[in-house]
Amino acid sequence: MVLNLTHDSNTLSKIFKIKIKFLAVSLLCLCFTYVAHANNLTVTLDGELPKAVEKNIHSYLGILPKSDLERSAFIYSAKENAFKALNSLGYYQADIRVVVEKEPWELILIIQLNEPTLLDNINVNITGAAQNDPAFIALLHNINIQPGDKLHHGKYETVKSDLLSLALQRGYFDGKLIDSTITIKQDLHEANINISYDSGARYRFGEVNFNDFDLKPQLLSQLIPFEQGDFYNTYDFHKLQQQLQSTQYFSNVQVLPVATSEGSVNNFTMPIKVTLMPAKSHQFDFGVGYATDTKYRLSAGWRTPLINKYGHFQETKIEYSPKNPTGNFIYSIPLGHPTEDSLQFKITVETDEYPDLTSKFYSAQIGRVLSKEDWNRQIYTRVHQEAWVYNLDDVEPNIDWSTKDNVQYIIPGILWSRTIRGGSALDPSSGFRQVYNIEGAHLKAGSDNSFFRVHGRWNYITTLKPKHRLVTRAELGAIYIDRDAELAPSLRFYAGGDQSIRGFAYQSIGSTIPASSDPDNSNEIVVGGTRLMVASIEYQYYLTNKWRMAFFSDGGSVANKGEFNPVYSFGSGIHYLTPVGAVKFDYAFGFDGEKKTKRIHISLGAEL
């Protein structure tokens with residue numbers, strides 16, 4: 001049966017009465033009939049329609065009915081809603097015929113689009129202070145509608161919303177639309193758009209008022225990224241809140257503009273009110289982790305975010321693992337901007353278990369830490385004392401080496417780094433991290449011997465296309481020292497392990513010395529080296545949002561000058577993404593000349 005439905009009020013009334021009776025019965029057995037009536041109408045669009053048009057019509061029609069009563073209302077309003085959907089895309093001359101079939105119920109809309117309505121004139125006029133604002137001039141030059149384009153109500157609304165949004169971002173708080181109309185010409189072939197916006201005056205930043213807080217006013221003023229009287233913009237407004245939060249002095253930061261209707265009296269200024277709540281006096285955190293290199297790791301941290309009104313803060317962290325227990329104490333004093341310029345005192349105690357030696361060092365450092373425009377710089381001097389023991393044979397040790405060494409240095413240096421990432425912090429879709437370190441010591445400046453050390457590390461991530469990710473890294477280093485001088489192990493270079501050349505044990509690649517003075521004993525121990533060169537490339541494919549496969553190759557070596565013998569590895573892995581970073585299970589084959597190794601690497605953490 002085919003029914004041509006027209007907008008007839010008597011027909012609708014009869015249908016409505018019948019449905020009311022049916023509804024009363026249906027309510028008695030609702031729990032049994034809900035599934036049967038959950039989708040009691042299908043909609044078919046008949047005609048040569050672009051995908052965007054079909055999608056828009058379905059959007060205007062709304063959710064399919066779930067009852068007989070809803071079905072009647074849905075069918076009755078379908079033609080009108082379809083016309084609205086077509087008009088919004090510029091089809092004012094379309095023809096629509098409605099056909100309804102029963103058993104099963106189906107609504108068929110037979111649509112002939114005909115010629116779309118095109119734009120003839122587009123007039124966007126801006127008055128007020130914004131007419132000379134470069135941001136508004138650029139917006140007008142980049143409007144996404146031009147004469148001759150098909151009329152699209154969505155693009156018209158976008159122009160209006162972009163104007164209003166930019167006005168709020170730039171401080172035109174009194175701005176308003178004077179006119180915003182679409183005029184369809186009588187023949188329906190062409191249309192005109194008229195938008196007139198009066199921005200009024202542009203507001204400036206007024207005084208920033210903080211609530212009472214036990215912190216020197218000079219420190220708070222350093223965190224204001226604008227001067228009183230500067231033109232208002234939302235970037236600087238939000239940056240104020242971000243900088244206050246980044247200090248970690250406060251548990252809550254609320255930054256609000258003080259609304260005023262007396263713009264002319266106040267010279268169009270916008271005062272800012274800041275409410276600060278103190279952070280907890282002491283903050284503690286605990287962690288646990290595991291990596292093939294260092295085995296399990298337990299950590300405990302204690303932070304005092306605000307020690308006094310001068311903005312001093314301290315952080316103490318203890319990490320224990322069987323191979324690398326570490327303790328750090330850092331005390332910071334702001335010299336200017338609390339997060340960008342500070343004087344830092346640092347004490348470190350660390351034990352390192354290398355494959356063939358064990359080392360323990362103490363370090364006391366003073367330095368200036370500067371952070372600006374994504375760059376972090378440290379200029380420092382540290383006192384470094386280290387003792388180590390080689391794992392030699394029970395036979396009399398080699399005459400060139402002692403069973404116990406101890407050395408002390410005074411080391412000035414500079415460290416600077418920069419990290420840029422896109423996407424998630426734990427699983428970035430792109431990013432580049434670069435770290436550089438230059439330091440040295442001299443015999444005549446209080447050190448036991450002289451050396452000069454340079455080291456650089458780079459990590460690069462890019463997403464080639466969805467699900468395909470490339471991760472690369474490289475590391476270069478050189479140490480210049482007299483051949484007769486012995487350098488502490490923690491200052492030498494080593495390679496091998498999860499973050500270096502996979503397929504080899506942690507810090508197992510480097511120059512070697514005989515393990516015994518016995519000429520018949522050919523065993524050797526690794527003592528690191530003065531030249532470092534390592535590179536890695538890894539391709540990752542995302543199986544799901546949580547799982548990905550990896551295929552990689554690492555290569556390079558560590559040796560003394562003129563002794564470089566590279567090794568390399570190949571492998572694959574499976575990674576699982578967690579809220580604290582990727583858990584990586586990698587299996588690598590290492591090649592060192594004719595010697596071949598196999599090794600499983602397990603690690604947890606972000607790549608940048």
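- Checked against the 6.0 Å centroid threshold, Phe493 and His455 count as a close aromatic pair.
- Here Phe504 and Tyr506 keep their ring centres 6.0 angstrom or further from each other.
- Just one of Arg469, Gln499, Arg473, Arg433 meets the side-chain contact (heavy atoms from CB on, under 4.5 Å) condition when paired with Glu607; it is Arg469.
- Thr578 places a side-chain N or O within 3.5 Å of a backbone atom of Val580 that can act as its donor or acceptor partner.
- Side-chain contact between Leu491 and Phe451: present, with at least one pair of heavy atoms (C-beta onward) separated by less than 4.5 Å.
- The shortest distance between side-chain heavy atoms of Val527 and Arg492 falls below 4.5 Å.
- The distance between the ring centers of Tyr249 and Phe213 does not fall below 6.0 angstrom.
- For the pair Arg297 and Phe286, the cation-pi criterion (under 6.0 Å, within 45° of the ring axis) is not fulfilled.
- Side-chain atoms of Ser246 come within 3.5 Å of backbone N or O of Gln243 as a donor-acceptor pair.
- By the 30° and 60° cut-offs, the orientation of the rings of Phe205 relative to Tyr232 is tilted.
- Electrostatic pairing of Lys317 and Glu319 counts as a salt bridge here, judged by a charged N lying under 4.0 Å from a carboxylate O.
- Under the side-chain contact (heavy atoms from CB on, under 4.5 Å) rule, Leu415 has a single partner from Val435, Asn376, Ile379, which is Val435.
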Does the pair His468 and Tyr541 meet the rule for a ring-ring contact (aromatic ring centres under 6.0 Å, His included), with working shown?
CA-CA 5 Å; His468 300 268; Tyr541 177 77; 5.1 Å; yes
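- Proximity of a side-chain donor or acceptor of Asn142 to a complementary backbone N or O of Ala138 within less than 3.5 Å is detected.
- Nearest heavy-atom pair across Lys346 and Ile330 is CG-CG1, 3.9 Å.
- Panel note: side chain Tyr409, backbone Ala488; a donor-acceptor pair is recorded below 3.5 Å.
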Walk me through whether Tyr587 and Ile574 qualify under side chain to side chain contact (heavy atoms under 4.5 Å, CB included).
CA-CA 9 Å; Tyr587 188 75; Ile574 188 78; over 6 Å; no
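- Residue Glu475 is tested with Ile501, Leu532, Asn459 for a side-chain contact (heavy atoms from CB on, under 4.5 Å); the sole match is Leu532.
- Counting heavy atoms from C-beta on, the side chains of Val255 and Leu244 come closer than 4.5 Å.
- A donor-acceptor contact shorter than 3.5 Å is absent between the side chain of Asp341 and the backbone of Leu370.
- Between the side chain of Ser342 and the backbone N or O of Gln344, no donor-acceptor pair lies under 3.5 Å.
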Kindly determine whether Leu306 and Asn308 satisfy side chain to side chain contact (heavy atoms under 4.5 Å, CB included), including the steps that lead there.
CA-CA 6 Å; Leu306 186 59; Asn308 53 38; 5.6 Å; no
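- Relative to the ring axis of Phe552, Arg502 places its NZ or CZ within 45° and under 6.0 Å from the centre.
- Here the side chain of Gln254 pairs no donor or acceptor atom with the backbone of Leu276 at under 3.5 angstrom.
- Remark: Asn324 CG to Asp352 CG distance equals 4.5 Å, nearest 0.5 Å.
- Pairs engaging residues 236-255 under the salt bridge (Lys or Arg N to Asp or Glu O under 4.0 Å) rule: none recorded [sequence neighbours left out].
- In terms of modelled atom types and a separation under 3.5 Å, the side chain of Arg531 and the main chain of Ile479 share a donor-acceptor contact.
- Just one residue in the list Lys546, Lys584, Arg548 forms a salt bridge (charged side-chain N to carboxylate O under 4.0 Å, His left out) with Asp427, and that residue is Arg548.
- Summarising the geometry of Ser536 relative to Asp554, their closest heavy-atom pair is OG-OD1, 2.6 Å, with the distance given to 0.1 Å.
- Residues Leu357 and Ser359 have side chains in contact (heavy-atom distance under 4.5 Å, counting atoms from C-beta outward).
- Contact annotation: the side chain of Phe452 approaches that of Ile438 to within less than 4.5 Å [non-hydrogen atoms, C-beta and beyond].
- Using cut-offs of 30° and 60° on the angle between ring planes, the pair Phe591 and Tyr568 is parallel.
- In this structure, Gln365 and Gln378 have side chains that are in contact, with non-hydrogen atoms separated by less than 4.5 Å.
- Judged by distance alone, with hydrogens and angles left aside, the side-chain atoms of Asp162 form no donor-acceptor pair with the main-chain N or O of Leu139 at under 3.5 Å.
- In terms of heavy atoms, Ala582 sits closest to Leu577 at CB-CD2, 3.6 Å.
- Two rings, from Tyr331 and His312, have their centers less than 6.0 Å apart.
- A tilted orientation is assigned to the rings of Tyr576 and Trp547, their planes being inclined by 30° to 60°.
- Remark: side-chain polar atoms of Ser569 are not paired, donor with acceptor, to backbone N or O of Ser553 under 3.5 angstrom.
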